[in-house]
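For reference, the structure is listed below as structure tokens.
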Amino acid sequence: TVGAVALDKHGNLAAGTSTGGMTNKKFGRIGDSPIIGAGTYADNKACAISATGHGEYFIRAAVAHDICARVLYQGVSLQAAADAVIFDKLKNMGGDGGIVGMSPQGDPVFSFNTPGMYRGYIDKSGSVFTGIY
Amino acid sequence: SPIAIAIHGGAGTILKKNLTPEIEAQYHAKLEESLRAGYQILESGGSSIDAIQATIIVLENSPLFNAGKGAVFTHHKTNELDASIMEGKTLNAGAISGVTRVKNPILLAAKVMTESKHVMLSGEGAETFAKQQQLEFVAPEYFHTPRRLKQIDNLLTKEKNARIEAPTNPNFKYG
């Protein structure tokens, strides 16, 4: 699964996710990637999120929307909201994976409860980061 | 507003022993290439929606990631692709699932968002819509990569053995 989140000069956030799904999947199984609110969500007032991981759990936990909702209604930071969902809510359900997020201020956020996640950003100062573990 | 872009290429147990320094360098290079593809759109005043698509196309076209070329195989040794996209200004969104011949699924999700009254299309219907939108189609073999073929072959062999061994070996359970 791959995903991206971005903030443009007009202050608009966007999120996108694309995937081949799960190896050996049957019966037309779909994970969270194409589910708005689970694998992908964007709201200028809160955040943009793209997720990757065990899709069944990300759908049940409505991960992408839940993170944005916590920012919007609890007033917590995007990193705090993401960590609460990825390390508490999702982990307690037995789900693993991660998210990439972008705040309305242009701050990139990563949160993942797995040993690795291919990831990267170019932040508002133009500095580039890529990571694997 | 400031501009910024961030990506992921999948999460999981990425074992260092599986990644030689050369392969690791390939991943870093492809991640950076995809970031720059989107960032230059943002720098020239383009929209975050366009930047997202430019970035994800680079990753879909790379065999390194489970999306587009390099996607994992289903039980029937096909590649079924899904994608979604959403813009934060209007909360408009587009999504597709289960396509097997559309080269860049993220472009189709974006077309569903902007050119249809729907949010999500699936399977053959989504591919009919893709044809109407003149998106690029490829043969299903385009998505195949040796690494993923080996992965599914190993799994199917295990599954076959599991059926034989299942009564005695409870570890062989597949959801």
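In what follows, chains are A, B, ... by sequence order, proteins preceding strands, each numbered from 1.
Nearest heavy atom pair, residue A/Gln105 against residue A/Lys124, reads O-NZ, 2.9 Å. Considering every non-hydrogen atom in both B/Gln53 and B/Ala110, the closest pair reads OE1-CB, 3.3 Å. Between B/Ala67 and A/Val2, the closest heavy-atom pair is CB-CG2, 3.7 Å.
For the set B/His75, B/Arg148, B/Glu32, the count of heavy-atom pairs under 4.5 angstrom toward chain A peaks at B/His75. Chain B forms more heavy-atom pairs under 4.5 Å with one residue of A/Ser33, A/Ala46, A/Gly31 than with any other, namely A/Ser33. Ranked by non-hydrogen atom pairs under 4.5 Å with chain B, the options A/Asp43, A/Thr114, A/Leu7 are led by A/Leu7. Among B/Ala71, B/Gly10, B/Gly68, the residue with the largest count of heavy-atom pairs under 4.5 Å with chain A is B/Gly10. Most heavy-atom pairs under 4.5 Å with chain A, from the set B/Leu31, B/Asp82, B/Val72: that is B/Asp82. Between chain A and the options B/Gly12, B/Gly45, B/Gly38, heavy-atom pairs under 4.5 Å are most frequent for B/Gly12. Chain A forms more heavy-atom pairs under 4.5 Å with one residue of B/Pro2, B/Ser97, B/Gly88, B/Ala95 than with any other, namely B/Gly88. Residue with the most contacts toward chain A among B/Ile85, B/Ile7, B/Ile3: B/Ile7 (heavy-atom pairs, distance under 4.5 Å). For the set A/Cys68, A/Pro34, A/Pro115, the entry with the most heavy-atom pairs within less than 4.5 Å of chain B is A/Pro34.
For A/Asn12, the parts lying near chain B are the backbone and the side chain together; criterion is any non-hydrogen pair under 4.5 Å. Residue contact with chain B, scored on non-hydrogen atoms closer than 4.5 Å, involves the side chain of A/Val128 exclusively. A/Ile122 touches chain B through backbone and side chain together, each having a heavy atom under 4.5 Å away. Both the backbone and the side chain of B/Ile49 come within less than 4.5 Å of a heavy atom in chain A. At a 4.5 Å heavy-atom cutoff, the contact between B/Arg36 and chain A is made by backbone and side-chain atoms alike. For B/Leu156, the part lying under 4.5 angstrom from a heavy atom of chain A is the side chain only. When heavy atoms are compared at a cutoff of 4.5 Å, B/Ser47 approaches chain A by way of both its backbone and its side chain. Looking at B/Phe73, only its backbone comes within 4.5 Å of chain A, counting heavy atoms on both sides. Only the backbone of B/Glu43 comes within contact range of chain A, with at least one heavy atom under 4.5 Å from a heavy atom of that chain.
Counting only heavy atoms from C-beta outward, the side chains of B/Val99 and B/Ile96 approach each other to under 4.5 Å. Inter-residue side-chain proximity for A/Val100 and A/Val109 is flagged as unmet; no heavy-atom pair is nearer than 4.5 Å. Inter-residue side-chain proximity for A/Arg119 and A/Phe112 is flagged as met; some heavy-atom pair is nearer than 4.5 Å.
Note that the OG1 atom of B/Thr74 and the NZ atom of A/Lys26 stand 10.5 Å from one another [nearest 0.5 Å].
Both tests do not hold together for B/Lys111 against B/Phe129: distance to the six-membered ring centre under 6.0 Å, angle to the ring axis within 45°. Remark: B/Lys30 fails to qualify as a cation-pi partner of B/Phe65 under the 6.0 Å distance and 45° angle criteria applied to the six-membered ring.
Comment: B/Asp153 engages B/Lys77 in a salt bridge, judged by a side-chain N to carboxylate O separation of less than 4.0 angstrom.
Between A/Phe129 and A/Phe110, the ring-plane angle classifies as tilted under the 30° and 60° cut-offs.
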